[in-house]
Number of protein chains: 2
Amino acid sequence: MPPDHAPARRVTTRRVRTRQRLLDAALEVFAEEGFGRSTVEQVCERAGFTRGAFYSNFTSLDELFLAMWERRSARMLDDLRAALDGMPEAAPEEALRAALTAIPVDEAWYRVTAEFTAHALRNPSLRRVMVAREQAIQDTVLPIVIRALGRAGRRVPDEAALGQALVAVHDGTSTQVLMEPGNATALHRREALFRHVLDSYSAPVGGTGDEPGEVEEEAR
Amino acid sequence: MPPDHAPARRVTTRRVRTRQRLLDAALEVFAEEGFGRSTVEQVCERAGFTRGAFYSNFTSLDELFLAMWERRSARMLDDLRAALDGMPEAAPEEALRAALTAIPVDEAWYRVTAEFTAHALRNPSLRRVMVAREQAIQDTVLPIVIRALGRAGRRVPDEAALGQALVAVHDGTSTQVLMEPGNATALHRREALFRHVLDSYSAPVGGTGDEPGEVEEEAR
DNA sequence: CAAGTTCGATACATGAACGTATCCGATGCG
DNA sequence: CGCATCGGATACGTTCATGTATCGAACTTG
C-alpha cells in the first residue's frame, strides 16, 4: 500500500544496480584500507562512479558501512544455513566440519567484520545491530546443532550458553587463523576447540546419569 | 656499549615525560574516536602539546599507535602476572576468577585492541607483532595454569593447544561482554566457558586412565 | 654565569576530502 | 516519438589535517 505521503519514490532498476555496485566496492575498499582511512572518493572510484552517485544514494560513509555490513552479513547467514541444511542427517562431527568450511572463506569479510566490531564498540546503536545479528546466528545455528547432537545421543541443557560459547569460539579462533595464514595447526586446533565445546555443553541422554565436569544449569 | 655512531642522543627527562603523555593521550583518543578517525592534532591537544611536540617524537600516527599498543600491552601482561603470582597456591577455580577480574577492567584498552586487531589484519608486520604478543601471553600464563591444574590433580597433554584455546576464548568472550555492558549472564558464561576449556584440555592424572571425550595429542 | 644544545611552540604552505548546487544524458511513460 | 523526471557527472567553495622550517625558552655544562 504505497500511494505515499512522501513523494512516492520510484525505485529505478538503475538505482538499485548502482547501489549494489557501491556496496560491493565498499566491502573491497574497507577491507583494504580500513574503514577509518577510506574516503567516499575511493569507494566511488572502485565502483566506477563519481561522488555524485554516492551522495545521491547515501548520506554518509557510516550509513554505507552499515548497509554493506548488514547485506553481507545476511548473505553469510544464508550460506551457513544452506551448508547445514545440505546435510540434515549428518553426525555432529561431519556437520561441524561442513559448517566450518562453508564459512571462513572470505578474508576480506573478516577484516571488515573486525573493523565493524571495533566501530561498534564505540557506537551504541551499532552495538545493538551486532547483538541482534549474534542472536540471529544463534537462532539459525542452534536448532541444527542441537538436532545433530540429539542424533548422536546427546542433550543440551543450556542452549543459550552453548550458542554464546560457539560464537565466542568462532570469533576468537577466526582471528587467530587469519593472523597466521597458512598455519594448518591453528585450523585444526580451531576444530578441536569446537568439538570440545560441543562435548562440554551437552550430555549423553539416558546414560549413567552423570559425567564428570558437565554443565550444571546456570543461574540467571 | 653505546659510545655511538649516531649523534649519541641524550635522553632528557623532559623528553621521556612528553613521550609518555603523548602515549597516554593516544590511548584515550584512539579509544574514543577510533584510530582511523584520529588526527595528530587531537592527540597533541589531549596531551597538552602542539603538533611540534609530536613530530619531534614520532614520525607518524602509525608509529605512535604501535608504540602505545606495545607499551600498554606489556603493562597488561605485568598486571596479569602479578595477579597470578599473588596466589601461588590457589586452586584453578580461584586462580581463574582472580585472573579474569585482574584483566578486563579497561574498556578503552579493549576498544583499542579491537582497532589494532583490525589494523593488523591488513598489515603483515603488525600481524607479526600480535602473534608475538599472543606467544608472550601463553608463555606467561600457561606455566601458571598448568601448575594450578597440577595441584588439582590434572595434567595437560597438549599445552600449546590449551594456550591457543584460552586466548581464543578470552578474545571472543571479551567482545561479547563489551557488546552488552551490564549483562551479568555474559560474564558468568564467560567464566563457565573457561572452566570447560580447562577441563577439556586436561585429564586427571593417575585416575582410571581414561575419561570420555578427552584430548588426544594432536598431529603437528 | 655564559655559551651551547635540546625540545616544543609558532607560522606557513600544500593538498586532500567534503558537501552542495547545477547541469545534462538516460530512462520510462503516454 | 516527444516529454518529464530521474540519476549520476561536473564544478565549485570550504574546511581541515599534514609536514616543514624557524624561533625561542629552558636546561645542561664548563
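Sequence lines set the chain letters: A, B, ... in the order given, protein chains first and strands last, and positions in each chain run from 1.
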Look at [X] and [N] and indicate whether a side-chain polar atom (N or O) is within less than 4.0 Å of OP1 or OP2.
| X | N | result |
| --- | --- | --- |
| A:Asn57 | D:dG8 | yes |
| A:Thr12 | C:dG28 | no |
| B:Arg15 | C:dG8 | yes |
| A:Ser56 | D:dG8 | yes |
| B:Thr18 | C:dG8 | yes |

Atom-to-atom span, [atom1] of [X] to [atom2] of [N] - whole angstrom:
| X | N | atom1 | atom2 | answer |
| --- | --- | --- | --- | --- |
| B:Arg19 | C:dC7 | CZ | C1' | 14 Å |
| B:Arg14 | D:dG24 | CZ | P | 16 Å |
| B:Glu45 | C:dG8 | CD | P | 18 Å |
| A:Phe49 | C:dA26 | CZ | P | 14 Å |
| B:Arg17 | D:dA26 | CZ | C1' | 14 Å |
| A:Glu33 | C:dA17 | CD | P | 10 Å |
| B:Phe58 | C:dG8 | CZ | P | 10 Å |

Nucleotide N/O of nucleotides 15-21 of chain D paired with protein N/O under 3.5 Å:
| residue | atom | partner | partner atom | Å |
| --- | --- | --- | --- | --- |
| D:dT18 | OP1 | B:Val40 | N | 3.3 |
| D:dT18 | OP2 | B:Val40 | N | 3.1 |
| D:dG19 | OP2 | B:Tyr55 | OH | 2.3 |
| D:dG19 | N7 | B:Arg51 | NH2 | 2.8 |
| D:dG19 | O6 | B:Arg51 | NH2 | 2.2 |

Return the [atom1] to [atom2] distance between [X] and [Y], rounded to the nearest 0.5 Å.
| X | Y | atom1 | atom2 | result |
| --- | --- | --- | --- | --- |
| A:Asn57 | A:Arg21 | CG | CZ | 11.5 Å |
| A:His196 | A:Tyr201 | NE2 | OH | 13.5 Å |
| A:Leu61 | A:Phe30 | CG | CZ | 5.0 Å |

Practice item. State whether A:Phe35 and B:Arg37 meet the cation-pi test: NZ (Lys) or CZ (Arg) under 6.0 Å from the six-membered ring centroid, and within 45° of the perpendicular axis. Key: yes
Point to revise | Of A:Asp24, A:Leu22, A:Leu27, the residue whose pairing with A:Met68 passes side-chain contact (heavy atoms from CB on, under 4.5 Å) | key: A:Leu27
Practice item. Take A:Glu32 and A:Gln42 through the test side-chain hydrogen bond (donor to acceptor under 3.5 Å, both in side chains) and record every step on the way to the result. Key: CA-CA 11 Å; A:Glu32 287 173 21; A:Gln42 282 173 314; over 6 Å; no
Review point. With a 6.0 Å cut-off on ring centres, are B:Phe49 and B:Phe54 close enough?
Key: no
